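Data block below; observations after.
The model shown is predicted, which means the values in this text are computed figures rather than measured ones.
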Amino acid sequence: MTALQRDRGTGKPPARTTLAAAPADRGRVARRKGVRDRVARREGVRRHWWFTPWLYLLVPLGLLVTFTYLPIGDMIGYSFTDWDGISPEKNNVGFENYTDLFTRPELFKVFLVSGVYLIAAVVQICLALYFATVLSFDTRFRNFFKGILFFPYLINGVAIGFVFLYFFRPHGTLDSLLALLGVHGEHLWMGDPDLVNTSLAGVSVWRYTGLNLVLFLGAIQSIPPHLYEAAALDGANRWQQFRHIIAPSIKPVISLSAILAVSGSLAVFEIPYIMTGGANGSQTFVIQSINMAFKFDKYGLASASAVVLLVLILLVTWIQRRLVPEERVELS
């Protein structure tokens with residue numbers, strides 16, 4: 001009796017023979033080999049085209065090097081010369097320009113002006129944080145107030161300068177408003193050295209508060225709503241929600257705003273240059289460097305001044321990063 005007959009007699013399915021199983025096994029082996037070949041080809045293509053991402057970065061990196069790093073290199077080179085900006089000759093004077101900068105105290109008095117703008121920047125951040133917190137809740141006409149606060153940042157700086165020249169002129173808009181409040185008299189807002197920097201810093205606060213407002217609003221709106229709901233169920237008021245939820249969650253954005261505030265206070269230029277030209281004690285470090293180059297034809301000394309400013313900004317940024325390290329905020 002054959003094996004097939006025995007299986008039929010017992011009711012069991014016939015066993016697979018080696019000849020029947022071989023084609024199926026060969027098919028599976030072939031499919032696996034095809035998959036391995038495709039994966040190998042893909043890996044080979046990936047290794048061959050590893051430089052593809054750099055092709056997309058080539059243009060922006062070229063622009064960055066051309067318009068940022070090469071001019072910085074030229075500026076550092078000019079800072080070691082006595083070039084006047086016109087003559088084709090550039091005599092190497094070593095560190096004479098830097099020695100001149102650090103041995104003339106009047107050149108560093110401009111940092112007192114930067115201190116006024118730094119205080120104004122702190123006020124600006126506090127105001128932006130307050131308005132961003134208030135407008136992040138369900139406040140009536142909040143979109144209208146967002147537009148009102150952000151609108152000054154959209155205006156051209158030259159236009160702002162001319163508008164506030166009329167605002168601060170004697171018997172102008174500001175004096176008229178003060179007269180309505182009972183404060184009479186003529187104030188030289190742009191002519192008094194004790195008032196000019198405060199007035200100019202106030203213009204900067206009015207203009208840049210909207211920028212910080214947008215940054216803070218974007219960070220606050222990324223906080224999950226259920227955190228507020230849980231805090232409200234626990235009886236937390238708005239101040240407690242700000243202290244324990246909002247402030248810790250947007251700490252990286254606040255740190256960024258602080259860095260921008262310090263670097264901006266050191267590099268103030270547009271508003272004081274348009275409104276006073278640096279007169280009456282309102283000259284900033286940047287205005288002083290520009291006067292050195294374009295009024296007194298001392299491009300080497302002006303370049304050294306610009307290098308010092310760049311180093312100061314980088315140093316302040318590094319110190320801030322060390323004092324307030326960047327933390328990863330987990331929102332859950």
Side-chain angles (χ1 to χ4, degrees), residues 64-65 67-83 85 93-126 157 193 196-198 200-201 203-205 207-208 211-212 215 252-274 276-278 281-296 298-326:
L64 180 66
V65 171
F67 295 103
T68 302
Y69 295 114
L70 289 181
I72 290 176
D74 290 337
M75 180 182 68
I76 295 174
Y78 292 150
S79 68
F80 294 102
T81 67
D82 61 353
W83 188 44
V93 296
F95 289 92
E96 183 178 332
N97 291 324
Y98 294 96
T99 304
D100 194 13
L101 278 176
F102 288 102
T103 55
R104 292 170 60 184
E106 64 272 13
L107 297 181
F108 274 84
K109 288 182 179 179
V110 293
F111 284 110
L112 297 176
V113 179
S114 298
V116 177
Y117 286 96
L118 181 59
I119 296 173
V122 174
V123 174
Q124 167 189 310
I125 290 176
C126 293
V196 60
N197 290 317
T198 304
L200 296 174
V203 177
S204 296
V205 171
R207 183 185 182 190
Y208 291 105
L211 174 61
N212 288 281
L215 294 176
V253 181
I254 297 176
S255 177
L256 172 63
S257 297
I259 292 175
L260 294 176
V262 174
S263 60
S265 63
L266 291 173
V268 174
F269 167 69
E270 191 175 29
I271 295 298
Y273 186 78
I274 294 169
T276 64
S282 63
Q283 182 171 251
T284 63
F285 199 85
V286 177
I287 294 176
Q288 177 179 266
S289 301
I290 290 176
N291 289 337
M292 288 179 185
F294 297 103
K295 284 188 177 181
F296 305 109
K298 295 183 178 180
Y299 278 77
L301 185 60
S303 298
S305 178
V307 171
V308 170
L309 178 61
L310 175 63
V311 172
L312 283 175
I313 292 176
L314 293 176
L315 180 62
V316 168
T317 303
W318 179 79
I319 292 175
Q320 283 186 314
R321 285 297 186 185
R322 298 289 294 179
L323 295 177
V324 186
E326 185 174 353

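Contact detail for Tyr117 and Ser204: the closest heavy-atom pair is CE2-OG, 3.9 Å. Listed here is the closest heavy atom pair of Leu266 and Ser114: CA-OG, 4.1 Å. A pairwise comparison of heavy atoms in Val93 and Asp82 identifies CG1-CB, 3.9 Å as the closest pair. The minimum heavy-atom distance linking Val116 with Ala201 is given by the pair CG1-CB, 4.1 Å. Between Ser257 and Leu215, the shortest heavy-atom contact is OG-CD1, 4.2 Å. Closest heavy-atom contact between Thr99 and Thr103: O-OG1, 2.5 Å.
Residues forming a ring pair (Phe, Tyr, Trp, His ring centres under 6.0 Å) with Tyr78 (at least two apart in sequence, or on another chain): Trp83. Taking Ser263 as the reference, Ile313 meet the side-chain contact (heavy atoms from CB on, under 4.5 Å) condition, with sequence neighbours excluded.
Listed by first and then second residue, the salt bridge (charged side-chain N to carboxylate O under 4.0 Å, His left out) pairs that reach into residues 93-103 are Asp100-Arg104, sequence neighbours excluded. Residue pairs meeting the salt bridge (charged side-chain N to carboxylate O under 4.0 Å, His left out) criterion with at least one member in residues 264-273, sequence neighbours excluded: Arg207-Glu270.
Rounding to the nearest 0.5 Å places CG of Leu314 at 9.5 Å from CG of Leu309. Here CD1 of Ile125 is found 5.5 Å from CG of Asn212. Values are rounded to the nearest 0.5 Å. In this structure, CG in Leu256 is found 10.0 Å from OG1 in Thr317, a value given to the nearest 0.5 Å.
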In a table with atom names and distances, give each donor-acceptor pair under 3.5 Å that connects a side chain of residues 281-290 to protein atoms at least two apart or in another chain.
residue: Ser282; atom: OG; partner: Thr276; partner atom: OG1; Å: 2.6
residue: Ser282; atom: OG; partner: Ala279; partner atom: N; Å: 3.4
residue: Ser282; atom: OG; partner: Ala279; partner atom: O; Å: 2.6
residue: Gln283; atom: OE1; partner: Asn291; partner atom: ND2; Å: 3.0
residue: Thr284; atom: OG1; partner: Val268; partner atom: O; Å: 2.8
residue: Thr284; atom: OG1; partner: Ile287; partner atom: N; Å: 3.4
residue: Gln288; atom: NE2; partner: Leu107; partner atom: O; Å: 3.1
residue: Ser289; atom: OG; partner: Phe285; partner atom: O; Å: 3.0
residue: Ser289; atom: OG; partner: Ser305; partner atom: OG; Å: 2.7

Pairs under 3.5 angstrom only: tabulate donor-acceptor contacts from the side chains of residues 68-75 to other protein residues two or more places apart or in another chain.
residue: Thr68; atom: OG1; partner: Leu64; partner atom: O; Å: 3.3

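Using modelled atom types, no side-chain atom of Ser255 and backbone atom of Pro252 make a donor-acceptor pair closer than 3.5 Å. In terms of modelled atom types and a separation under 3.5 Å, the side chain of Asn197 and the main chain of Val113 share no donor-acceptor contact.
The aromatic rings of Phe80 and Tyr98 lie tilted to each other, with the angle between the two planes from 30° to 60°.
More than 12 non-hydrogen atoms from other residues, nucleotides or ligands lie less than 6.0 angstrom from CZ of Phe111.
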